[in-house]
Amino acid sequence: MIDQILNYLSYDFVRNALVAGTMAAVLGAIVGYFVVIRNVGFAAHALSHIGFAGATGAALLGLSPLSGMLFITVGAGFIIGISGDKIHRSEMAIGMALSVSLGLGTLFLSLYTGYAGQAMAILLGNILGVSSNQITHMIVLSLLSLGGLAIFSRKLLFASIQPALAEARGLSLPLLSTAFMVVLALSVTLASQIVGILLVFTLVIAPAGIALRLCRSFWLGIITSIIIAVVAVWIGILLACLTDRPVTFWITSLLFGLYALTEAWCRLFTKSDR
């Protein structure tokens, strides 16, 4: 098996997949940690579905699905951010927006007459088909996202834990929320290249959720989330090469299994303390 793995690592497409997967995993793990803390998991779910219309619309026009999804998700993230608590209270509006986005995406997909594999890649991801040009774009987006997040991460953490106190001290909660939603949109777009639009929620939320169950320190939680995400992506890619099964299946299965084990361990540990 080790010889097989080393043989696969000699191929450019596998190395490209590992590089792209690592970038998406690191960004998704860090951003996902703030998503869980701020309890805005709905936003990651909403942005991925809204991005579906952008990706399929771009493919229909002969453009890059990544560019189309990026444009739509960043715009939607900006709107969600400036809406603040209003969007949280409008469950019906959120549901209708998601339904319309999925409907438009389905329409664009039905009208698309190009390569069928590209349509499947939009839905389920195609990390093994990532090109060097796409990796360059992903590196730029990842660095921009992480750089922006590093600038306001302390303020964002403070506003996430103590929003009333943060506002009293002069922090602009709508501005922080908008900036974070734009970074989340970039993260969702990159993660969709790995696991597809339908399962992007898993890569963004699962590692952070597991880390929060295991760690009490913020920085330890961030590091743990990154390790979980990167390891899951790497193992998923290598297992896909060895078994000829989808990468998405392995990544989601690994993260689900780890989450189930973590929950069982935490509940058992909590009962034993009592």
Side-chain angles (χ1 to χ4, degrees), residues 20-48 51 73-74 76-77 80-81 84 87-88 138 141-163 165-166 171 173 175-195 199-236 251-252 254-263 265-266:
T22 299
M23 289 186 294
V26 170
L27 181 59
I30 296 174
V31 174
Y33 203 84
F34 283 99
V35 168
V36 176
I37 291 176
R38 293 175 63 84
N39 194 28
V40 290
F42 84 96
H45 185 68
L47 288 173
S48 64
T73 52
V74 169
I80 292 175
I87 199 77
H88 290 268
M138 293 178 73
L141 292 176
S142 297
L143 291 177
L144 287 175
S145 301
L146 292 174
L149 191 59
I151 293 173
F152 61 85
S153 59
R154 288 181 178 274
K155 295 179 180 179
L156 181 65
L157 179 62
F158 182 34
S160 301
I161 298 174
Q162 297 287 349
L165 182 58
L171 290 180
L173 298 187
L175 181 60
L176 283 172
S177 177
T178 302
F180 176 67
M181 285 300 167
V182 171
V183 173
L184 176 59
L186 293 173
S187 177
V188 166
T189 301
L190 293 183
S192 69
Q193 306 304 300
I194 312 301
V195 293
L199 298 172
V200 69
F201 189 77
T202 305
L203 190 58
V204 174
I205 299 298
I210 295 169
L212 276 170
R213 294 289 285 160
L214 297 173
C215 306
R216 293 293 177 263
S217 165
F218 171 75
W219 288 110
L220 181 59
I222 287 286
I223 294 172
T224 303
S225 180
I226 292 173
I227 292 173
I228 291 172
V230 172
V231 170
V233 168
W234 273 58
I235 293 177
I251 294 176
T252 53
L254 288 168
L255 289 173
F256 175 78
L258 184 56
Y259 177 77
L261 289 174
T262 302
E263 281 293 321
W265 170 261
C266 290

| request: Indicate the atoms forming the closest heavy-atom contact of Y33 with A211, along with that distance. | output: CE1-CB, 4.2 Å
| field | Straight-line distance of W265 CH2 to R213 CZ, nearest 0.5 Å | value | 13.0 Å
| task | Enter the distance from L27:CG to L186:CG here, rounded to the nearest 0.5 Å. | result | 7.5 Å
List, one per line, each side-chain donor-acceptor pair under 3.5 Å for residues 218-232, sequence neighbours excluded.
from	atom 1	to	atom 2	distance (Å)
T224	OG1	L220	O	2.7
S225	OG	A29	O	3.2
S225	OG	A208	N	3.4

| request: Check G77 against M181 and note the closest heavy-atom contact, atom names and distance. | output: O-CB, 3.0 Å
| After noting the C-alpha distance and the side-chain angles of I205 and V35, does the key distance pass the side-chain contact (heavy atoms from CB on, under 4.5 Å) rule? | CA-CA 7 Å; I205 299 298; V35 168; 3.4 Å; yes
| Residues two or more places apart in sequence or in another chain: which of them pass side chain to side chain contact (heavy atoms under 4.5 Å, CB included) with S160? | I37, R38, L156
| Between OG1 on residue T262 and CG on residue L255, distance to nearest 0.5 Å | 10.0 Å
| query | Which residues satisfy the side-chain hydrogen bond (donor to acceptor under 3.5 Å, both in side chains) test with T189, sequence neighbours excluded? | reply | T73
| note | For L176 and A159, the nearest pair of non-hydrogen atoms, with its separation, is CD1-CB, 3.8 Å
| said: Applying side chain to side chain contact (heavy atoms under 4.5 Å, CB included), can you list everything that pairs with L165, at least two apart in sequence or on another chain? | reply: F158, Q162, R169
| said: On a heavy-atom basis, which atom in P163 and which in L173 lie closest, and how many Å separate them? | reply: O-CD1, 3.6 Å
| field | From S187 atom OG to F34 atom CZ, the distance as rounded to the nearest 0.5 Å | value | 12.0 Å
| Taking all non-hydrogen atoms of both residues, which atom of V233 and which atom of A25 are closest, and how far apart? | CG2-CB, 3.9 Å
Would you list the atom pairs, donor with acceptor, under 3.5 Å between side chains in residues 144-153 and any protein atom, with sequence neighbours excluded?
from	atom 1	to	atom 2	distance (Å)
S145	OG	L141	O	2.8
S153	OG	A150	O	3.4

| Roughly how far, to the nearest 0.5 Å, is the CZ atom of R154 from the CG atom of L157? | 9.0 Å
